[in-house]
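Since the structure is predicted, the reported quantities are computational estimates derived from the model, not experimental observations. Chain identifiers are assigned alphabetically (A, B, ...) following the order of the sequence lines, protein sequences preceding nucleic acid strands; residue numbering begins at 1 within each chain.
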There are 2 protein chains.
Amino acid sequence: MKTIKIPEATIIRLSVYSRYLAQCDRRGIVTISSNEIAEGVGVSSAQVRKDLAYFGEFGTRGVGYNVKDLHRHIMKILGLNQKWPLVIVGAGNLGTALSMYGGFRERGFHVVGIFDDDPNKIGYKLNGVEVFPISKLKEVVAEGGAKIGVITVPAPAAQEVANALIESGVKALLNFAPVVLSVPPEIELRNVDLSVNLEILTFNLGYRRGID
Amino acid sequence: MKTIKIPEATIIRLSVYSRYLAQCDRRGIVTISSNEIAEGVGVSSAQVRKDLAYFGEFGTRGVGYNVKDLHRHIMKILGLNQKWPLVIVGAGNLGTALSMYGGFRERGFHVVGIFDDDPNKIGYKLNGVEVFPISKLKEVVAEGGAKIGVITVPAPAAQEVANALIESGVKALLNFAPVVLSVPPEIELRNVDLSVNLEILTFNLGYRRGID
DNA sequence: GACTGTGAAGCCATTCACAGCT
DNA sequence: AGCTGTGAATGGCTTCACAGTC
């Protein structure tokens, strides 16, 4: 049971590299150095090499990396060499926006169901995906093979929704509600708090600026 | 020019603490220990104390912290003791969702204008806020006193929009387009890539799980 | 006795610098 | 000569442990 600890920061950067490589590939670039990647995405070249070194040797000394190959390798590392069906709970503005968000589909994520407890929304189709009542969660997750659940309900409902998603068989949760969820350790959980990002900006505009 | 370096992770946690404290306050809790905060938000108590210590001494030894006071202090640190007008460029699904997102208003962020280059969208009101053509950017930013610009346009248009926002006088950018923007150093920039968060989940579901 | 505030220790991530290929 | 891959050094964040205060 060897566990090599990989920094989360590395995963985030791999995701950025993959997008940059895809762009280079579209431009017809065949070979690229760690330095060029570094400049393209705004990190150091040593960082690029270290990040890649966690997963193997993908380059050729004296030459660089083959763009297509490296891109494919990174996509595989990120688990994006397959489709990822997912469900969204909460058909409010954010849930609706996410269900139509092109950036997901591009990377292999596709929405198999959206859920809401508002009877007025049930049956509607958003971007071709039906809005179901929460009672259908288990059924749709199973049929669609969804391993990921996205939570876009108001904070007070989020824990309950998380429980229902886990109960229905989902293995990973992406939570947009500004609340700390408690889930069993085997469930992968990530929180995205949209306000936090604005608050880092306001902190930097105010406090940090004041003391420099 | 003394610059105390404050970890970004600290700012993120302060934001979480503030929400937890607000919740405690609503429940009528008057005093709270670092340990109780720690358990409530899932970090260590030493971490809570260290985070707060960057900014002063807010507690009483042997007692703990006054909930209301500490909350107010943190809000001030984050710069949330004032209103923050902002503009959103890109009236697609995401921009629309964000403009209606209640979580922003709660924390003092309010949208003074939404911009799009699609003539069909111009003049519409989203949640009481008008959709303007990009040509009105400078005017609306100035009148509304917006210091923050949110970018929710497709990736190819993002750099151009960033330039226009900076030109119009905005000091900070929150970018949702999956692209690396280049901006002058005095402009605060944060990137939110919604797909990256899903990709960390798929990495953890796939790779990490495989080697444990 | 309880809990904060903080120097010191420990740990993890990034950067450096160079050996090793092509 | 050019560029990767990597051990060693550095820097920064977190945890420890306890002195200080109520």
Side-chain angles (χ1 to χ4, degrees), chain A residues 2-17 20-21 24 29-71 73-74 77 200 203-204 208 211, chain B residues 2-17 20-21 24 29-71 73-74 77 200 203-204 208 211:
Chain A
K2 189 170 64 170
T3 301
I4 309 143
K5 175 84 186 38
I6 290 153
E8 186 168 291
T10 290
I11 307 308
I12 295 171
R13 284 190 298 265
L14 285 178
S15 181
V16 176
Y17 302 160
Y20 185 68
L21 289 167
C24 291
I29 298 165
V30 175
T31 304
I32 196 165
S33 69
S34 59
N35 223 313
E36 291 168 304
I37 298 174
E39 286 184 5
V41 307
V43 302
S44 76
S45 67
Q47 184 78 81
V48 172
R49 296 199 297 279
K50 256 281 146 61
D51 285 339
L52 297 174
Y54 283 113
F55 302 96
E57 308 193 359
F58 305 114
T60 310
R61 295 173 191 221
V63 179
Y65 304 88
N66 177 285
V67 171
K68 269 193 166 47
D69 273 5
L70 185 56
H71 180 255
H73 271 121
I74 295 178
I77 291 166
I200 295 168
F203 172 78
N204 287 340
R208 195 159 276 173
I211 60 169
Chain B
K2 189 170 63 171
T3 302
I4 308 144
K5 175 85 184 39
I6 290 154
E8 186 169 292
T10 289
I11 307 308
I12 294 171
R13 284 189 299 264
L14 285 178
S15 180
V16 176
Y17 302 160
Y20 185 67
L21 289 168
C24 291
I29 297 166
V30 175
T31 304
I32 196 165
S33 69
S34 59
N35 222 314
E36 291 168 303
I37 298 174
E39 287 184 4
V41 306
V43 302
S44 75
S45 67
Q47 183 79 81
V48 173
R49 295 198 298 278
K50 256 282 144 67
D51 285 339
L52 297 174
Y54 283 113
F55 302 96
E57 307 192 359
F58 305 115
T60 310
R61 295 173 191 220
V63 179
Y65 305 88
N66 177 284
V67 171
K68 268 193 167 44
D69 273 5
L70 185 56
H71 180 257
H73 271 121
I74 295 178
I77 292 166
I200 294 168
F203 172 78
N204 287 338
R208 196 158 273 173
I211 59 170

| task | Would you please name every residue forming a side chain to side chain contact (heavy atoms under 4.5 Å, CB included) with A/H73, sequence neighbours left out? | result | A/F58

| said: Let's go through A/I74 and A/L52 carefully: what are the C-alpha distance in whole Å and the side-chain angles of both, what is the deciding distance for side-chain contact (heavy atoms from CB on, under 4.5 Å) to 0.1 Å, and is it a yes or a no? | reply: CA-CA 9 Å; A/I74 295 178; A/L52 297 174; 4.1 Å; yes

In Å and rounded to the nearest 0.5 Å, what is the [atom1] to [atom2] distance from [X] to [Y]?
| X | Y | atom1 | atom2 | result |
| --- | --- | --- | --- | --- |
| B/Q47 | B/T10 | CD | OG1 | 6.5 Å |
| B/T31 | B/L70 | OG1 | CG | 11.0 Å |
| A/N66 | A/T60 | CG | OG1 | 8.5 Å |
| A/Y17 | A/S34 | OH | OG | 9.5 Å |
| B/Y20 | B/I29 | OH | CD1 | 6.5 Å |

| field | Pairwise 5' ranking along DNA chain D for A/I32 and B/R13, keeping only the more 5' one | value | A/I32

| query | If only side-chain N and O atoms of A/S34 are considered, is one of them under 4.0 Å from the OP1 or OP2 phosphate oxygen of D/dT4? | reply | yes

| note | To the nearest 10 degrees, the angle between the two end axes of the helix from C/dG1-D/dC22 to C/dT22-D/dA1 (five pairs per end) comes to 0°

| said: Please list, in numerical order, the residues of residues 40-50 of chain A that have a heavy atom closer than 4.0 Å to any atom of DNA chain D. | reply: A/R49, A/K50

| said: Among B/V16, B/I37, B/D51, B/V48, exactly one meets side-chain contact (heavy atoms from CB on, under 4.5 Å) together with B/V43. Which residue is that? | reply: B/V48

Whole Å only: how far is the [atom1] atom of [X] from the [atom2] atom of [N]?
| X | N | atom1 | atom2 | value |
| --- | --- | --- | --- | --- |
| A/H73 | D/dT4 | NE2 | P | 16 Å |
| B/I6 | D/dT14 | CD1 | C1' | 16 Å |
| A/L70 | D/dC3 | CG | C1' | 14 Å |

| field | Working for side-chain contact (heavy atoms from CB on, under 4.5 Å), residues A/V67 and A/L21 | value | CA-CA 6 Å; A/V67 171; A/L21 289 167; 4.3 Å; yes

| request: Spell out, as yes or no, whether a donor-acceptor pair under 3.5 Å connects the side chain of A/E36 to the backbone of A/S33. | output: yes

| said: A side-chain contact here means heavy atoms from C-beta on lying under 4.5 Å apart; do B/F203 and A/I6 qualify? | reply: yes

| query | Can you give the first and last nucleotides of DNA chain C, 5' to 3', that have an atom under 4.0 Å from a heavy atom of chain A? | reply | C/dA13 to C/dT22

| Criterion side-chain contact (heavy atoms from CB on, under 4.5 Å) on A/Y65 and A/R49, from CA distance to verdict | CA-CA 11 Å; A/Y65 304 88; A/R49 296 199 297 279; 3.8 Å; yes

| field | Strand-adjacent residues in residues 53-65 of chain B, judged by heavy atoms under 4.0 Å from DNA chain C | value | B/E57, B/F58, B/G59, B/T60, B/R61, B/G62, B/V63, B/G64, B/Y65

| remark: Those residues at least two apart in sequence (or on a different chain) that pass ring-ring contact (aromatic ring centres under 6.0 Å, His included) with A/F55 are B/Y207

